[in-house]
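These notes concern the structure reproduced below.
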2 protein chains.
Amino acid sequence: MSQSYFLILMDLKNFLENGNEFVLPNLSIDIVIIGYSAEELKCLLLQIDDKWLLPGGFILKGESVEDAVKRVLKERTSLQDTHFKFLEVFGDKDRRFKEMWKEFYQKSGLSWTDDCWLNSRFITLAYYALVNIEKTFPALNETDQAFDWFSFDKLPNMWMDHRSIALTARNRLKEDMKQEQITFNLLPAEFTMPQLHQLHQTILEEKLDRSRFQKKMLSTNLFERLPEQHQDSPGRNPYHYRIKAKNY
Amino acid sequence: MSQSYFLILMDLKNFLENGNEFVLPNLSIDIVIIGYSAEELKCLLLQIDDKWLLPGGFILKGESVEDAVKRVLKERTSLQDTHFKFLEVFGDKDRRFKEMWKEFYQKSGLSWTDDCWLNSRFITLAYYALVNIEKTFPALNETDQAFDWFSFDKLPNMWMDHRSIALTARNRLKEDMKQEQITFNLLPAEFTMPQLHQLHQTILEEKLDRSRFQKKMLSTNLFERLPEQHQDSPGRNPYHYRIKAKNY
DNA sequence: ACAAAAGTGTTCAGCCTACACCCATGG
DNA sequence: CCATGGGTGTAGGCTGAACACTTTTGT
């Protein structure tokens, strides 16, 4: 399912004109979808005109906020059961896209006025999600021209406050990973300790002692060592691990 | 200023009928206002009919979310510069007050229908605030019959999910105080270490070593010891402290 | 056998814990 | 001068930091 459910049900013109009948007004959801590849933390962005923005959406009138986030995530990444977490409310008093939607209205033969529902003030509920970048197949909807993964160090020009939302998520991840074991969501289901070690160093932007890191990770008892196999690189090959099934 | 600014500008009938013209729809703010007295953590609640609810309000159309929280806090407690923090989004799909407002509509000669704006689904942005209970002078507005402070262990019957919001705040406080020094907001401007010690024990619901507690607190360098004075109790009298002015 | 990379062990310092001891004051 | 309660010191244990050593495998 690579298309947006929302836009399957209504074409662009109908969405621009009547979307407000189906979603809660003045409220949006934005998700900082974080991946990891080539020893860099990356963020999934969508292009509209010459700027980029976070994947996001709206809350349907009969839908819980949580379900809306899950739906948007699934629409955008085709992933189910993605790890996600609330980030922050962005609620400035005149927070609106202004010119972004203008072109779409004009293309669709609609007039762009101050009272277009998409031109109103939006409070956004920002979330962040951790995904395995290899298993993530982003989907475009009718308004997006492209998607791409950007290193947090080289974010492009972005719409509105989306850059600061993305960077807030990057910093939050640093804090959260000290409290809970969540980083494995960024790796394949089977991974090695050296991989996890490098990932932590990348996120924290500092060197971590190899010995201590390994002992700390294994002492959590969350990791299950797999029978040694995979011999493909010079030198000793690391064990592979996966996350133990939770004991309910 | 002990009255609600919002209800100064419009009387109850007008608010029930036309409030939606001034505030963002489907969105509310609720604040768990936490105080401390008699070695108990307490929560400020307002009474409507036979149930209680959290102090809350709405976001004015030209107002940031942050400003709305500050306004509601000031309206309800007459306090300025209160410590507050975001708690959680409560966004269930059919989250509404149902019968709560019915009586007010009928009293005001308005018909209570399914499409009353106050009967619609509300997503609430929940915050918690820490206040000095002695300096807090709660204010009622036209819809509230009473206010009272309730121990979190003996919360009364509450509207909708407000009980679970309150308890979420109580638990969050436990977590947050381990990370940042915030608890002094619950005490007078000048307090003693034994007081702070007892407060921490109350919040965490566990015994804390006196010696270690004192050393840990003083090692943060956030506390300023005042010249010894106040002699009123038997035994040695504790030093008084206040929070150092922040060094900007 | 050697280099490279992974895994494990050892030592030391610092912090947390529990408890003992010292101080100030009122009766 | 003793009871009460506040303030400070100290010995033991645990945890984290730095680094050394061992293991595995390709060349």
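Proteins get letters first, then strands, A, B, ... in listed order; numbering begins at 1 in each.
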In this structure, how many angstroms lie between the C1' atom of C:dC19 and the CZ atom of B:Arg212, rounded? 12 Å

Find the distance B:Phe213:CZ to C:dC15:C1' and express it as a whole number of Å. 17 Å

B:Leu218 CG to D:dG9 C1', straight-line distance once rounded to whole Å: 14 Å

Rounding to an integer number of Å, can you tell me how far B:Lys178 NZ sits from C:dC16 P? 15 Å

Spacing of A:Met217 atom CE relative to D:dG16 atom P, expressed in whole Å: 11 Å

Salt-bridge present (B:Asp176, B:Lys85; N to O < 4.0 Å): yes

Candidate nucleotides C:dG7, C:dT25, C:dA18, ranked by approach to the side chain of A:Tyr239 - the nearest: C:dG7

Let me know, please, whether A:Arg210 or B:Lys215 comes out on the 5' side of the other along DNA chain D by nearest nucleotide. B:Lys215

Looking at B:Ser211 and D:dG7, is any side-chain donor or acceptor paired with a base atom of the opposite kind under 3.5 Å? no

Does B:Phe86 have its ring centroid less than 6.0 Å away from the ring centroid of A:Phe86? yes

Of all the nucleotides listed (D:dT8, C:dC16, C:dG7), which has the minimum atom distance to the side chain of A:Met193? C:dG7

Under 4.0 Å between a Lys/Arg side-chain N and an Asp/Glu carboxylate O for B:Asp161 and B:Arg95? yes

Applying a 4.0 Å non-hydrogen cut-off, can you work out what A:Lys216 is touching in the nucleic acid: base, sugar-phosphate, or nothing? nothing

Start with the C-alpha distance between B:Thr77 and B:Thr136, add both sets of side-chain angles, then the distance that settles side-chain hydrogen bond (donor to acceptor under 3.5 Å, both in side chains), and finish with yes or no. CA-CA 5 Å; B:Thr77 64; B:Thr136 305; 5.8 Å; no

Separation of C:dG7 atom C1' from A:Leu196 atom CG, nearest Å, is 15 Å

Where the side chain of A:Asn237 is defined as all heavy atoms beyond and including C-beta, which of D:dT25, C:dC19, D:dG6 is the nearest nucleotide? D:dT25

Distance check: side-chain N/O of B:Gln214 vs OP1/OP2 of D:dT8, anything under 4.0 Å? yes

Using atom NZ of B:Lys207 as one end and atom P of C:dT17 as the other, report the distance to the nearest whole Å. 16 Å

Between D:dA20 (P) and A:Asp209 (CG): distance, integer Å: 12 Å

Between A:Phe90 and A:His162, ring centroids under 6.0 Å: no

